[in-house]
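Predicted model, so just to flag it, every value in this text is computed and none were measured.
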Amino acid sequence: MSKCYSLEAVNAMDAPDFAGAFGDIAEHSPWVAELAGKERPFASRDAMIGAFAQVMFAAEPDAQLALIRAHPDLAGKAALAGELTEDSKKEQAGVGLDQLTAEEFERFTASNDRYREKFGFPFIFAVKGATKFMIMDAFEARLENGTAEEFRTALEQIARIIRFRLEDRVQ
């Protein structure tokens, strides 16, 4: 379980402690936290969230693509194998993706495969507050997008995931 920090404690951390506390906020991409930490002291939790998003949006396209590709498929093989990060596991379970029927799981798998084949990266959706039905509707709608639009949408969804995770960890 992740620890919850006060903003004062966040601002007082040295760089290694900050990276240790927040390096997993951006899925398997500790560089986001390392660079965001250089913007301290943060005036507010929203300023901290903004710093993480700014780092991500300012990164080179190859780094952004690596960040997108670091995310697991929703209700995918990593979930079945127990290979999700704690945050991803909690988020996917929170919307019932760990309790899909066989038919629903097959539909998610087929959608993940179609999406990845078309765009070359996984479907990213900030699931907090959503339902499996909302996610499937988003799959269908976003499969109609062009690659550039979907790349931007994936980054925007990652920014939402980062926001939710930091809201859980920083008071």
Side-chain angles (χ1 to χ4, degrees), residues 1-59 63-76 78-79 82-100 108 112 121-139 141-142 149-171:
M1 189 49 106
S2 301
K3 187 174 177 184
C4 193
Y5 301 92
S6 69
L7 188 63
E8 183 177 278
V10 168
N11 285 332
M13 291 176 177
D14 63 19
D17 287 343
F18 184 87
F22 300 104
D24 62 340
I25 289 288
E27 199 87 9
H28 301 292
S29 303
W31 60 269
V32 177
E34 290 164 6
L35 292 174
K38 294 178 180 183
E39 300 302 313
R40 288 178 296 144
F42 301 118
S44 64
R45 182 175 66 183
D46 279 343
M48 181 179 180
I49 292 166
F52 273 74
Q54 172 60 31
V55 164
M56 183 192 68
F57 284 116
Q64 292 174 330
L65 180 59
L67 172 62
I68 293 169
R69 287 182 173 161
H71 284 74
D73 287 336
L74 292 176
E83 298 170 353
L84 295 178
T85 63
E86 284 305 310
D87 284 322
S88 286
K89 190 182 308 179
K90 182 175 78 172
E91 291 157 1
Q92 290 197 28
V95 295
L97 296 185
D98 60 337
Q99 299 176 1
L100 297 174
F108 265 86
N112 279 321
F121 49 82
F123 176 78
I124 309 292
F125 189 94
V127 298
K128 187 174 183 176
T131 66
K132 61 187 173 185
F133 305 107
M134 293 167 68
I135 297 165
M136 284 309 306
D137 288 346
F139 255 126
R142 288 172 51 189
E149 179 182 3
E150 199 50 33
F151 189 89
R152 179 73 184 180
T153 300
L155 291 175
E156 290 167 352
Q157 289 295 312
I158 292 170
R160 290 188 66 212
I161 293 166
I162 289 170
R163 170 175 286 283
F164 293 147
R165 290 178 179 180
L166 287 173
E167 286 174 346
D168 284 345
R169 287 199 206 172
V170 180
Q171 300 172 359

Report the distance from atom CG of D168 to atom NZ of K3, rounding to the nearest 0.5 Å.
16.0 Å
Please find the pair of heavy atoms, one from I124 and one from R142, that lie closest to each other, and give the distance.
O-NH1, 2.8 Å
Non-hydrogen atoms of M13 and A21 that approach each other most closely
CE-CB, 3.9 Å
Could you state the interatomic distance from CD (E156) to CD (E150), rounded to the nearest 0.5 Å?
9.5 Å
What is the distance from atom OH of Y5 to atom CG of N11, rounded to the nearest 0.5 Å?
13.5 Å
Any idea how F52 and F18 line up, ring-wise: parallel (<30°), tilted (30 to 60°), or perpendicular (>60°)?
tilted
Please confirm whether the backbone N or O of G23 pairs with a side-chain atom of E34, one donor and one acceptor, at under 3.5 Å?
no
For the residue pair S29 and L67, what are the closest heavy atoms and their distance?
OG-CD1, 3.2 Å
Check step by step if side-chain contact (heavy atoms from CB on, under 4.5 Å) holds for I49 and E167.
CA-CA 8 Å; I49 292 166; E167 286 174 346; 4.0 Å; yes
Which pair of non-hydrogen atoms, one from P122 and one from H71, has the smallest distance, and what is that distance?
CG-O, 3.4 Å
Parallel, tilted or perpendicular, as decided by the 30° and 60° cut-offs, for the rings of F125 and F123
parallel
Within this structure, what is the CG-CD1 distance for the pair L166 and I161, rounded to the nearest 0.5 Å?
12.0 Å
CG of D87 to CD1 of I25: how many Å apart, nearest 0.5 Å?
6.0 Å
Should F22 and V32 count as side-chain neighbours, where that means a heavy-atom distance under 4.5 Å?
no
Using a strict 4.0 Å threshold on nitrogen-to-oxygen distance, state whether K90 and E86 make a salt bridge.
no
Step by step, would you call V170 with F42 a side-chain contact (heavy atoms from CB on, under 4.5 Å)?
CA-CA 11 Å; V170 180; F42 301 118; over 6 Å; no
Please test M48 against R169 for side-chain contact (heavy atoms from CB on, under 4.5 Å), starting from the C-alpha separation and ending with a verdict.
CA-CA 11 Å; M48 181 179 180; R169 287 199 206 172; over 6 Å; no
Hey, could you give me each pair passing side-chain hydrogen bond (donor to acceptor under 3.5 Å, both in side chains) that has a residue in residues 36-51? Not counting sequence neighbours.
D46-R163
Measure the spacing between CZ of F139 and CG of L74 and express it to the nearest 0.5 Å.
5.5 Å
All heavy atoms of I135 vs all of A130, minimum pair found to be CG1-CB, 4.3 Å
At their closest point, which heavy atom of A126 faces which heavy atom of R160, and how far apart are they?
CB-CB, 3.7 Å
